[in-house]
Amino acid sequence: MAKTETNRGACLCGAVSYQVLGPLRPVVACHCNQCRRASGHHVAATSANRGDLRITGEDAITWFTSSPGIRRGFCRFCGSNLFWDNQARPSVSIMSGTLDRPTNLTLIGHIHTASKGDYYEIADGLPSHPHDDHSLTS
Ligand SMILES: [Zn+2]
Ligand SMILES: [Zn+2]
């Protein structure tokens, strides 16, 4: 049976776009050092099964290896952060701000808050974890 699209998204300039053909995980905000530097603030990401993600314009993506086995994909033209890919996992994280609206998703928590920027507070009352929280991200 053909899978139906649940969401689609794109980078700022449109050179990279993608379709998601399956369920997306709720959104988790990551405040770690790497996400801060890569995004300029913090990241908010959902994730999809690798096989449910269809990328158009993949040759416009630059993959930066940020840790062994982990790569971050951004548009080489406009710089949009699009993907976080732990290649050992069956899922790929998608930066939720790159999704078209309506996303039908909800932010459910924060991770790596011990590393967050010191110029803002997290005051939304959602679960926050100083480091990783696999109950939120797996
Ligand atoms: Zn772009
Ligand atoms: Zn992070």
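Atoms within a ligand are numbered from 1 in the order they appear, just like the ligands themselves. The shown structure was predicted, so the numbers you read here are calculated from the model rather than taken from an experiment.
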Within a distance under 2.8 Å of the Zn ion (ligand 1), the protein atoms of type N, O or S are C11 SG, C13 SG, C75 SG, C78 SG

Does S80 use its side chain to pair, donor to acceptor, with the backbone of L82 at less than 3.5 Å?
no

(message) Could you check whether any side-chain N or O of S96 sits under 3.5 Å from a backbone N or O of A44, counting only pairs where one atom can act as donor and the other as acceptor?
(response) yes

- Proximity of F74 and F83 rings by center, below 6.0 Å: no

Q) Is the distance between the ring centroids of H31 and H42 under 6.0 Å? A) yes

Salt bridge or not for D52 and K3, using N-O below 4.0 Å? yes

Exercise. In terms of side-chain geometry, is the basic nitrogen of D59 or R76 positioned less than 4.0 Å from the acidic oxygen of its partner?
Worked result: no

In sequence, state the C-alpha distance, the side-chain angles, and the governing distance for K116 and I122, and then conclude on side chain to side chain contact (heavy atoms under 4.5 Å, CB included).
CA-CA 9 Å; K116 78 173 189 62; I122 299 169; 3.8 Å; yes

Exercise. Any N/O/S atom, backbone or side chain, of C35 lying under 2.8 Å from the Zn ion (ligand 2)?
Worked result: yes

Would you check if the Zn ion (ligand 2) lies under 2.8 Å from any N, O or S atom of H112?
-> no

Between C30 atom SG and C32 atom SG, the angle centred on the Zn ion (ligand 2) rounds (to 10°) to 120°

